[in-house]
Amino acid sequence: MSPLFKPYDLAGTALTNRVVMAPMTRARARDDIPDEHTVLYYAQRASAGLIISEGAPISREGCGYLFNPGLYNDAQVQGWRRVTDAVHAKGGKIFAQLWHVGRVSHVSIQPDGAAPVSSVAVTAAKSNAYAWVAEGQPGPVQASTPRGLEAHEVHRVTADFVSAARRAMDAGFDGVELHGANGYLFEQFLNGALNTRTDEYGGSIANRQRFLLETLDALAAEIGSAQVGVRISPFGRLFDMHPYAEEAESWLSLAAALNARSLAYVHLSDQLTLGAEAIPQGFAEQFRQAYQGTLMAAGGFTRLLAEAVLEKGDLDLVAFGRPFIANPDLVARMQHDWPLADADRATFYGIEGSPTRGYTDYPVASQGA
Ligand SMILES: Cc1cc2nc3c(=O)[nH]c(=O)nc-3n(C[C@H](O)[C@H](O)[C@H](O)COP(=O)(O)O)c2cc1C
């Protein structure tokens with residue numbers, strides 16, 4: 001039997017296979033609340049061994065894009081409850097991705113029109129938020145200049161993550177994934193080229209990692225470490241992240257720090273299909289040496305590539321992003337070698353037009369895809 005379709009024990013959460021649906025923002029939630037379309041979209045994809053939800057903002061400050069279903073108010077919890085119930089009814093499992101965009105935001109969607117927050121007051125060049133271009137008109141806008149968080153505010157953001165994790169569990173999620181990847185808030189602290197803070201959250205490698213590790217520990221204390229995963233993007237270049245000295249050493253020391261915690265998993269986001277450079281050849285294997293817990297990765301996988309890494313033992317689970325947009329029955333299609341449909345980029349994001357088009361209207365293979 002192909003290793004991809006074997007069950008997996010994810011720290012006590014029983015997965016029916018090793019195919020993970022990667023977190024994907026779809027920006028279709030009017031008022032930032034999951035609705036019946038969100039419920040159907042995730043239920044259609046529940047044959048994945050594990051679904052990781054689209055990034056769910058943990059606070060209004062954490063929002064960088066309009067129409068993302070968050071985890072900071074009761075209506076959102078009720079909306080997500082319908083999603084998790086529908087996924088569980090089909091035998092699936094679902095983690096919530098907890099998200100704070102940091103500086104990749106715009107004053108028009110920040111509370112009181114304030115500046116977004118980050119490690120330091122440096123604008124993400126050539127980086128768009130999705131906010132109000134004009135009143136009532138959503139669209140891409142250059143991210144605003146952020147302000148650096150005070151140390152006591154860093155603790156407050158950690159507390160916001162803990163509240164969101166509590167809400168996620170109340171909403172019936174099987175666990176949470178801390179979004180530490182792709183140029184957002186945590187990477188703005190991890191990155192040695194950007195984070196020039198002089199307090200305990202900047203400077204040395206350990207100081208730059210402190211915010212991420214403190215937040216993981218706080219989440220684990222609140223909901224249990226078996227319910228907490230983390231996503232990171234070693235050598236990430238999205239949203240104006242740049243190379244820095246001792247970059248490989250930084251990521252490997254983070255791997256060791258994560259290894260010392262018994263988290264549900266670590267998830268590597270390889271940006272090669274997101275318009276940035278790939279993780280350097282051989283690095284994932286080095287990471288694996290330093291991190292012996294459950295490891296998954298996303299970025300350009302096909303069935304054959306996924307089977308090869310699972311067989312080699314480099315990964316335990318493989319996450320698929322875009323293939324899950326256009327193939328709700330991706331697991332069955334891969335299992336039977338049925339052809340895969342291509343996702344339409346034009347309908348990746350947004351609430352303009354039909355609420356179902358490019359979202360819940362991709363057919364399963366037996367319906368003639
Ligand atoms: C439409 C879209 C939205 C995405 N949103 C998120 C997100 O909310 N959080 C995240 O960590 N990654 C996000 N990603 C990245 C995916 O999780 C995944 O890493 C990426 O698509 C690479 O996998 P693939 O080559 O199988 O598509 C997004 C990707 C796409 C295509």
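In each ligand, atom 1 is the first atom listed, and ligand 1 is the first ligand listed.
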A.B. asks: What protein heavy atom sits nearest atom 1 (C) of ligand 1, and how far away is it?
C.D. replies: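 Result for atom 1 (C) of ligand 1: Y349 OH, 3.4 Å.
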A.B. asks: Looking only at non-hydrogen atoms, which of E54, R231, R345, M21 approaches atom 18 (C) of ligand 1 most closely?
C.D. replies: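 The residue whose heavy atom sits nearest atom 18 (C) of ligand 1 is R231.
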A.B. asks: Under 3.5 Å, is there a donor-acceptor pair linking the side chains of E187 and N182?
C.D. replies: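 The criterion, which ignores hydrogens and geometry beyond distance, is not satisfied for N182 and E187.
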A.B. asks: Based purely on interatomic distance, does G55 place a nitrogen or oxygen under 3.5 Å from a nitrogen or oxygen of ligand 1?
C.D. replies: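 It does: an N or O of G55 is found under 3.5 Å from an N or O of ligand 1.
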A.B. asks: Distance-only, no hydrogens or angles: does the R103 side chain make a donor-acceptor pair with backbone N or O of V122 under 3.5 Å?
C.D. replies: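 Flag set: sc R103 to bb V122 pair under 3.5 Å.
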A.B. asks: Tell me which one of F95, F161, Y184, F186 satisfies ring pair (Phe, Tyr, Trp, His ring centres under 6.0 Å) with H179.
C.D. replies: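 Single ring pair (Phe, Tyr, Trp, His ring centres under 6.0 Å) partner of H179 among F95, F161, Y184, F186: Y184.
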A.B. asks: Nearest heavy atom to atom 31 (C) of ligand 1: which of R322, R26, H267 does it belong to?
C.D. replies: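 Among R322, R26, H267, the closest heavy atom to atom 31 (C) of ligand 1 comes from R322.
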A.B. asks: Any atoms of ligand 1 less than 4.0 Å from a non-hydrogen atom of F348? List them with their elements.
C.D. replies: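 Per the distance check, 1 (C), 31 (C).
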A.B. asks: May I ask you to identify the nearest protein heavy atom to atom 6 (C) of ligand 1, giving residue, atom name and distance to one decimal place in Å?
C.D. replies: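 The answer is P23 O, 3.1 Å.
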A.B. asks: Can you tell me which residue and heavy atom of the protein come closest to atom 9 (N) of ligand 1, and the distance to 0.1 Å?
C.D. replies: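 Checking every protein heavy atom, the shortest distance to atom 9 (N) of ligand 1 gives Q97 OE1, 2.8 Å.
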A.B. asks: Heavy atom under 4.0 Å from ligand 1: found in D270's side chain, backbone, both, or neither?
C.D. replies: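 Looking at D270 and ligand 1, no heavy atom falls under 4.0 Å.
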A.B. asks: Taking distance alone, with N or O pairs closer than 3.5 Å, would you say W99 contacts ligand 1?
C.D. replies: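 No, no N or O pair falls under 3.5 Å.
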A.B. asks: Between Q188 and S118, is any side-chain donor less than 3.5 angstrom from a side-chain acceptor?
C.D. replies: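 Yes, a side-chain donor-acceptor pair sits under 3.5 Å.
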A.B. asks: Atom 26 (O) of ligand 1: which protein heavy atom is closest, and how many Å away?
C.D. replies: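 Ranking protein heavy atoms by distance from atom 26 (O) of ligand 1, first comes G321 N, 2.8 Å.
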A.B. asks: Would you check whether A319 has a nitrogen or oxygen atom less than 3.5 angstrom from a nitrogen or oxygen atom of ligand 1?
C.D. replies: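 The answer is no, given that A319 and ligand 1 share no N or O pair closer than 3.5 Å.
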A.B. asks: Mind telling me whether F283 and F235 have parallel, tilted or perpendicular rings, with 30° and 60° as the class edges?
C.D. replies: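 Ring orientation, 0 to 90° scale: perpendicular.
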A.B. asks: What is the nearest protein non-hydrogen atom to atom 22 (C) of ligand 1, stated with its residue, atom name and distance?
C.D. replies: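 Ranked first by proximity to atom 22 (C) of ligand 1 is T273 OG1, 3.3 Å.
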A.B. asks: What do we get for A181 next to ligand 1 when only non-hydrogen atoms under 4.0 Å count, side chain, backbone, both or neither?
C.D. replies: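 It is neither part, as no heavy atom is under 4.0 Å.
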A.B. asks: Among all protein non-hydrogen atoms, which one is nearest to atom 29 (C) of ligand 1, and what is the separation to 0.1 Å?
C.D. replies: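 Answer, as residue, atom name and distance: M24 CG, 3.8 Å.
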A.B. asks: Which label fits F324 and F320: parallel for a plane angle under 30°, tilted from 30 to 60°, or perpendicular past 60°?
C.D. replies: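 Rings of F324 and F320: perpendicular, as their planes differ by over 60°.
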A.B. asks: Are F173 and W80 near enough that their ring centres are under 6.0 Å apart?
C.D. replies: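 Yes.
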A.B. asks: Would you please say whether a donor-acceptor pair under 3.5 Å links the side chains of Y359 and Q44?
C.D. replies: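 No.
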A.B. asks: Please list the nearest protein heavy atom to atom 8 (O) of ligand 1 with its residue and the distance rounded to 0.1 Å.
C.D. replies: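 Here the closest protein heavy atom is T25 OG1, 2.6 Å.
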A.B. asks: Any idea which protein heavy atom is nearest atom 20 (C) of ligand 1, and the distance to it?
C.D. replies: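 Looking at atom 20 (C) of ligand 1, the protein heavy atom closest to it is L274 CD2, 3.8 Å.
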